[in-house]
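Here is the structure we will look at.
Atoms within each ligand, like the ligands themselves, are counted from 1 in listed order.
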Amino acid sequence: MNIATLPTVSSDNLRDAILNHLAYSFGKTPEAAQTEDWRMALSFAIRDRMVEAWFAATRRTYEAGAKRVYYLSMEFLIGRLLEDGIVNLRLADQARAALTDLGLDYDAVLADEPDAALGNGGLGRLAACFLESLSTLSCPAMGYGIRYEHGLFRQSFQGGRQVESPETWLLQRHAWEFERPEARYRIGFGGEVREDRGRSVWTPSEQVDAEAFDTPIAGWQGKWVNTLRLWSAKAVAPFDLDSFNRGDFAAAAAPEALARTISRVLYPDDTTEQGKELRLKQEFFFTAAALRDILRRFDSEYDDLSQLPAKVAIQLNDTHPAIAGPELVRLLHDERGLPFDRAMEIAQGCLNYTNHTLLPEALESWHEGVFGKLLPRHLQIVDRIDDAHGKAHPSRSFSMRADSQVKMGELSFVMANRVNGVSALHTGLMKETVFAELHALHPDKIVNETNGVTPRRWLLSCNPRLSNLVTDTIGDGWVDDLERLKELESHVDDAGWRDRFAAAKRDNKADLSNWLAETQGVSVDPEAMFDIQIKRMHEYKRQHLNILEAIAHWQEIKDDPNAGWTPRIKIFAGKAAPGYFFAKDIIRLINDVARVVNADTATRDKLQVAFLPNYNVTLAERLIPAADLSEQISTAGKEASGTGNMKFALNGAPTVGTLDGANVEIREHVGADNFFLFGMTAPEVTERRMLDGHARAAIEADPRLARALDAIRDGTFSPDDPDRYAGIIENLAGHDYFLVCSDFTDYWRAQREVDAAYADPARWAGMAALNTARSGWFSSDRTIRGYMSDIWGAASL
Ligand SMILES: *Cc1c(COP(=O)(O)O)cnc(C)c1O
């Protein structure tokens with residue numbers, strides 16, 4: 001089959017395929033079928049259409065002897081896959097018609113799919129966008145990660161407080177994976193290392209099997225399909241028969257329970273090092289399985305290991321898979337007998353590392369006690385790598401083994417061929433701060449690849465009204481060539497076209513407002529400005545700056561309710577790590593403020609606040625198309641890139657934001673006139689922080705800020721417990737590390753500019769439309785092209 005031409009599929013074909021799967025795969029008649037059965041049958045019918053191209057892609061890769069890209073990531077925040085598959089195969093009309101024909105509600109069937117939240121936030125979502133772009137660009141690639149039984153916890157609120165419960169995506173049937181019992185590797189931990197005739201032999205004391213589950217990832221038009229291979233931990237022996245026969249059933253089941261623990265839950269924190277043995281086990285588990293799989297595939301085609309860097313590019317998504325460095329050296333040296341230096345050189349030719357954070361508390365390191373206990377041979381290898389690097393660079397002043405730690409950032413840097421940051425600002429700061437010395441020793445190693453998002457999910461599929469308008473205006477070439485959105489610019493001055501753009505947004509807002517009323521009990525006027533901040537809860541992301549401004553604004557409206565205020569609803573969503581108490585207090589504060597402000601009859605037609613529970617990909621897809629204003633207000637220098645910022649701009653929501661991460665590049669692209677800038681720059685932040693009493697000074701200088709803080713302090717939002725937010729007040733008025741107070745006044749100013757701009761609908765529609773027209777550069781296709789040429793040396797087939 002020529003993979004460039006897929007067979008056309010009519011809605012009748014699809015309906016028959018669905019009915020066949022319903023009967024033969026699920027054993028149901030249409031009368032007995034539940035929504036879940038229909039969802040599974042539709043998913044199988046769609047999946048069938050991917051399989052030919054999947055086989056063909058593998059065949060083509062072998063025939064071409066092509067270099068393969070392997071993307072190793074602890075997290076893949078893939079979300080729902082059915083609509084993505086339907087849209088990429090261009091079967092949306094047929095699928096809707098087929099289900100309607102069967103008397104079903106298409107949207108309800110799609111909504112039955114659980115959201116696969118196998119990641120925390122931006123880092124995991126980036127990995128998911130990258131997989132889709134790799135397929136769209138027909139680059140031979142594979143994602144490797146962990147098949148967590150439980151993804152990121154489910155969030156609900158009790159009395160405004162975050163409550164966590166386990167996520168259970170696998171309790172429903174999952175349509176997309178193929179179990180591969182034959183792709184199974186034994187992974188060891190612990191034990192000891194012996195020297196045997198000059199060779200080091202590691203004998204682990206504990207072993208589990210890693211078993212592969214493959215999910216096909218189809219690119220745009222379904223022409224190329226790559227694989228996401230997730231590893232599930234299985235006991236080496238299913239149960240202990242001796243214990244069972246003795247009647248000790250708990251002990252009999254213990255090996256299985258122990259093994260399964262490894263792939264049971266996603267660690268719910270992407271920014272603080274947990275220091276947990278289990279986390280290190282998870283990291284080694286999936287990385288070691290991936291490397292064995294990569295070498296097995298290489299061995300099936302080639303017999304000269306020196307060819308490895310020419311055929312294999314491995315990307316480490318943050319330091320979580322950093323153990324790939326020593327493990328690959330171990331496989332090549334201990335197991336394949338290459339000299340140590342040669343093994344190290346080959347590994348360095350294959351590996352690359354993406355840095356995602358400069359936050360010192362998030363830079364991964366392990367105490368040598370834990371590390372050496374779980375991975376005794378790897379600790380020796382890290383020491384040898386460190387020695388070799390030290391000998392090659394005698395002037396260096398650091399060690400990746402300082403303070404009894406194993407420093408995963410330094411290890412990753414040294415073992416990588418290329419190291420990349422994720423926005424221009426972040427890459428620059430990497431060179432000046434965390435990796436300054438390593439950068440001086442290896443000046444060509446660091447490159448920048450600014451993040452991107454896939455336009456298939458983040459415009460075409462999530463925002464049909466806007467994407468239809470775009471396609472009506474410029475044709476559908478933009479879907480895999482997003483810079484063509486520029487062609488919209490010439491229409492922005494046409495009032496008729498601008499009205500159509502504004503109408504798409506208004507209808508999206510009306511949909512959201514109905515959904516809010518039906519599911520959240522929140523009633524909002526769709527004409528109000530939808531001001532949205534959705535992302536993980538973190539002090540550096542400064543949701544508290546946003547709520548402080550809301551309080552101050554509420555107070556000002558109360559003073560003069562009829563002063564022509566621009567009506568707004570401030571929408572928040574985001575999860576806090578379960579152990580991050582300050583972030584949880586911010587959630588509670590926002591919920592408390594929402595309760596009081598929304599109940600104020602004098603102001604509620606001007607200002608409302610809502611915190612929506614359980615932020616995930618599906619909620620993002622619902623909210624972003626309806627956003628007027630994108631809140632990207634992190635302390636400058638702290639957000640490595642952000643990708644939420646790109647999704648909003650692409651969907652026609654101008655940003656109020658700081659010069660941080662990719663905001664800088666977004667502003668350059670959309671134009672300073674279409675971006676509400678405020679706040680200190682990264683160097684100003686560093687300088688201000690050294691100024692004694694900066695928070696006090698800021699509060700004294702701005703009566704609005706002082707009054708907002710007073711309202712929190714005097715219990716306006718927590719009358720039954722006035723001291724509830726003493727911690728937040730103390731933090732803000734005290735050392736205020738994230739400079740909320742110092743940036744407040746300028747944030748307030750920018751928000752009033754937003755109000756004025758929004759009050760002029762033609763002006764606002766023009767700004768919004770220019771955000772869409774000029775966001776094409778933020779496609780993850782552009783990012784992946786950059787990785788392919790600057791980092792991997794990989795080609796599209
Ligand atoms: C895009 C996305 C993120 C990243 O958002 P930032 O604003 O860049 O932090 C996190 N979570 C989900 C569900 C997303 O879709």
Query raised in the report: Under 4.0 Å from ligand 1, counting heavy atoms only, is it the side chain of Trp458, its backbone, both or neither?
Result: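 The answer is the side chain of Trp458.
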Query raised in the report: Quick one: does ligand 1 sit under 4.0 Å from the side chain of Val453, the backbone, both or neither, non-hydrogen atoms only?
Result: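 No part of Val453 is near ligand 1 at this cut-off.
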Query - Rounded distance (nearest 0.5 Å) linking atom CD1 of Ile791 with atom CD of Gln315 - result: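 Answer rounded to 0.5 Å: 5.0 Å.
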Report task. Any chance you could measure His150, atom NE2, to Trp169, atom CH2, to the nearest 0.5 Å? Result ->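 Going from NE2 on His150 over to CH2 on Trp169, the span is 11.0 Å.
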Only heavy atoms count here, so choose which of [options] is nearest to [atom].
{"atom": "atom 10 (C) of ligand 1", "options": "Gly574, Gly124, Gly121", "result": "Gly121"}
{"atom": "atom 5 (O) of ligand 1", "options": "Ala662, Ala128, Gly644", "result": "Gly644"}
{"atom": "atom 7 (O) of ligand 1", "options": "Lys535, Glu639, Glu631", "result": "Lys535"}

Report task. May I ask you to list the atoms of ligand 1 that are less than 4.0 angstrom from any heavy atom of Gly642? Result ->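 Here the atoms of ligand 1 in question are 8 (O).
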Report task. With heavy atoms of Val617 as the reference, note each atom of ligand 1 found under 4.0 Å away. Result ->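 It comes down to these atoms of ligand 1: 13 (C).
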Please write down residue, atom name and distance for the protein heavy atom closest to [atom].
{"atom": "atom 8 (O) of ligand 1", "value": "Thr643 N, 2.8 Å"}
{"atom": "atom 3 (C) of ligand 1", "value": "Lys647 NZ, 3.7 Å"}
{"atom": "atom 11 (N) of ligand 1", "value": "Tyr615 CE2, 3.4 Å"}

**Report entry** Within-shell test, Met646 vs ligand 1, heavy atom, strictly < 4.0 Å
**Finding:**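 Under 4.0 Å: no for Met646.
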Query raised in the report: Among the heavy atoms of Arg536, does any lie under 4.0 Å from an atom of ligand 1?
Result: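 Contact check Arg536 vs ligand 1: negative.
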Query - Output field: ring centroids Phe286/His320 closer than 6.0 Å - result: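 Centroid separation for Phe286 and His320: 6.0 Å or greater.
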Please tell me whether [X] and [Y] have a donor and an acceptor in their side chains that are separated by less than 3.5 angstrom.
{"X": "Gln172", "Y": "Arg39", "value": "no"}
{"X": "Asn508", "Y": "Asn463", "value": "yes"}
{"X": "Glu132", "Y": "Asn88", "value": "yes"}

Query raised in the report: Does a salt bridge link Asp628 with Lys509, judged by any charged N lying under 4.0 Å from a carboxylate O?
Result: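 Result for this pair is yes, salt bridge flagged.
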Requested in this report: Please work out whether the ring planes of Tyr747 and Phe678 are parallel, tilted or perpendicular, with thresholds of 30° and 60°.
Outcome: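 The arrangement is tilted - the two ring planes meet at 30° to 60°.
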Requested in this report: Decide side-chain hydrogen bond (donor to acceptor under 3.5 Å, both in side chains) for Gln533 and Asn546; before the verdict, give the C-alpha distance in whole Å, the side-chain angles of both, and the deciding distance to 0.1 Å.
Outcome: CA-CA 8 Å; Gln533 186 174 23; Asn546 190 347; 3.0 Å; yes
Requested in this report: Return a yes/no value for Lys541: is any of its N or O atoms, backbone included, closer than 3.5 angstrom to an N or O of ligand 1?
Outcome: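 For ligand 1, there is an N or O atom that lies under 3.5 Å from one belonging to Lys541.
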